[in-house]
Amino acid sequence: MKQHIATPLSDYIEYSVEDMLKRSEDFYENIKRRHSVRQFSDRDVPQSIIENCIKAAGTAPSGANHQPWHFVAIHSADVKKQVREQAEQHEQGFYAGRAGEEWLDALKPLGTDAQKPYLEHAPWLIAIFSQKKGGVSAGEKHTNYYVHESVGIATGMLITALHHAGLVTLTHTPKPMSFLSKICNRPDDERPYMLLITGYPEESATVPKHAQNKKALSEISSFL
Ligand code: IYR
């Protein structure tokens, strides 16, 4: 039988209410500068920055602390080329009609299409995989819990960490995404969850007006 053993919460930091107000305002001001960017510079980014951001993502809460995720950070030009070729191939079918009229209509204000040059231009692609089986130690094959929720939270933390470091990101979910498993040499019991593109923005990078439209606090929340 496993046992519950605990140690004191020794790294918690309490701030005054005034400080918390300031910190929460500052964080909001900072995170609202995060935008999905589709024009990436080919300027390089040191691997150590990507490693730190993945370490930050790896602290995310997860079902039974099984950490059901794997991050493949792709820097190799050859591998990025393969990802671009295969993603564009799938996206062509998607934009040519597989998506359906309603979906294509919803995407129009974003100005996206099947061309994904950033998959080669950006210095880093981070392929995120979810694990149905695992455990608290790498290589275990127990059942994982709340996999989608856990990987979603870790991905959000990764995006936040990359933004905090000073990089821009784009979440990309080519449909279907299974080609990523092969390119990244991942086992069959892992599923590609998302592809995150990261690096510096091109100097002329733009943000679609549509994407800047964020719902007001009153629309996204209720206080009881
Ligand atoms: N995966 C496609 C389509 C796409 C879908 C949604 I929903 C978006 O918010 C943006 C794009 C692509 O990357 O072009």
Side-chain angles (χ1 to χ4, degrees), residues 1-34 45-75 124-167 169 171-173 177-178 180-198 217 220-224:
M1 248 336 219
K2 289 180 182 167
Q3 274 197 4
H4 170 70
I5 306 167
T7 62
L9 173 63
S10 56
D11 50 4
Y12 172 74
I13 301 173
E14 180 175 321
Y15 301 101
S16 67
V17 169
E18 300 85 79
D19 281 358
M20 284 202 283
L21 191 58
K22 174 84 169 65
R23 290 172 64 85
S24 57
E25 281 168 2
D26 287 351
F27 186 78
Y28 169 59
E29 287 303 320
N30 204 303
I31 201 69
K32 79 177 195 202
R33 295 186 302 98
R34 184 215 60 83
V45 170
Q47 180 167 321
S48 46
I49 297 171
I50 304 300
E51 287 176 1
N52 285 338
C53 294
I54 294 175
K55 283 202 291 194
T59 69
S62 64
N65 192 32
H66 282 195
Q67 305 151 66
W69 44 65
H70 186 88
F71 302 90
V72 179
I74 305 169
H75 189 255
W124 291 97
L125 310 179
I126 307 176
I128 302 153
F129 292 85
S130 66
Q131 302 169 332
K132 265 177 84 158
K133 294 275 172 197
V136 75
S137 304
E140 289 181 327
K141 291 287 168 218
H142 302 293
T143 303
N144 284 337
Y145 307 96
Y146 299 104
V147 172
H148 213 73
E149 292 83 347
S150 304
V151 182
I153 295 168
T155 300
M157 288 175 60
L158 178 58
I159 293 168
T160 307
L162 290 162
H163 171 74
H164 181 74
L167 299 171
T169 56
T171 50
H172 182 44
T173 48
M177 249 188 315
S178 38
L180 281 176
S181 301
K182 211 166 183 179
I183 295 179
C184 297
N185 300 314
R186 298 311 301 165
D188 288 344
D189 58 356
E190 274 184 14
R191 278 184 50 167
Y193 182 81
M194 192 173 280
L195 187 61
L196 208 59
I197 296 106
T198 191
L217 179 65
I220 63 167
S221 62
S222 318
F223 291 79
L224 303 178

Exercise answer: donor-acceptor pairs, residues 149-161 side-chain atoms, under 3.5 Å, sequence neighbours excluded:
from: Ser150; atom 1: OG; to: Gly63; atom 2: N; distance (Å): 3.1
from: Ser150; atom 1: OG; to: Tyr146; atom 2: O; distance (Å): 2.6
from: Thr155; atom 1: OG1; to: Val151; atom 2: O; distance (Å): 2.7
from: Thr160; atom 1: OG1; to: Gly156; atom 2: O; distance (Å): 2.7

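- By the 4.5 Å heavy-atom criterion applied to side chains, Leu195 and Ile126 are not counted as neighbours.
- What you find for Trp69 and Ala57 is that their closest heavy atoms are CZ2-O, 4.2 Å.
- Checking Lys132, Gln67, His66 one by one against Asn144, the side chain to side chain donor-acceptor pair (under 3.5 Å) holds for a single residue, His66.
- Not counting sequence neighbours, the partners of His70 by the side-chain hydrogen bond (donor to acceptor under 3.5 Å, both in side chains) test are Arg186.
- Residues satisfying the side-chain contact (heavy atoms from CB on, under 4.5 Å) criterion with Thr143, sequence neighbours excluded, are Lys133, Tyr145.
- Applying the side-chain hydrogen bond (donor to acceptor under 3.5 Å, both in side chains) criterion to Lys55, with sequence neighbours excluded, gives no partner residue.
- Residues satisfying the ring pair (Phe, Tyr, Trp, His ring centres under 6.0 Å) test with His75, not counting sequence neighbours, are Trp124.
- Side-chain contact between Leu162 and Ile50 is present, with at least one heavy-atom pair separated by less than 4.5 Å.
- Pro8 is linked by a side-chain contact (heavy atoms from CB on, under 4.5 Å) to nothing, counting only residues two or more places apart in sequence or in another chain.
- Contacts classified as salt bridge (charged side-chain N to carboxylate O under 4.0 Å, His left out) and involving residues 8-18 (residues at least two apart or in different chains) are not found.
- Applying the ring pair (Phe, Tyr, Trp, His ring centres under 6.0 Å) test to His148 and every residue at least two apart in sequence or in another chain returns Tyr193.
- For the atom pair OG1 of Thr171 and CD1 of Ile128, the computed distance is 9.0 Å after rounding to the nearest 0.5 Å.
- Looking at residues two or more places apart in sequence or on another chain, you find a side-chain contact (heavy atoms from CB on, under 4.5 Å) between Ser221 and Leu217, Phe223.
- Sorted by first and then second residue, the pairs that involve residues 20-33 and meet salt bridge (charged side-chain N to carboxylate O under 4.0 Å, His left out), not counting sequence neighbours, are Lys22-Asp26, Glu29-Lys32.
- The number of heavy-atom neighbours closer than 6.0 Å to NE2 of His164, taken from other residues, nucleotides and ligands shown, is 12 or below.
- The minimum heavy-atom distance between Thr59 and Ala56, with the atom names listed, is OG1-O, 2.7 Å.
- Considering only residues two or more places apart in sequence or on other chains, Asp19 meets the salt bridge (charged side-chain N to carboxylate O under 4.0 Å, His left out) condition with none of them.
- Not counting sequence neighbours, the partners of Glu140 by the side-chain contact (heavy atoms from CB on, under 4.5 Å) test are Val136, Ser137, His142.
- Side chains of Ile183 and Val72 form no contact here, defined as non-hydrogen atoms less than 4.5 Å apart.
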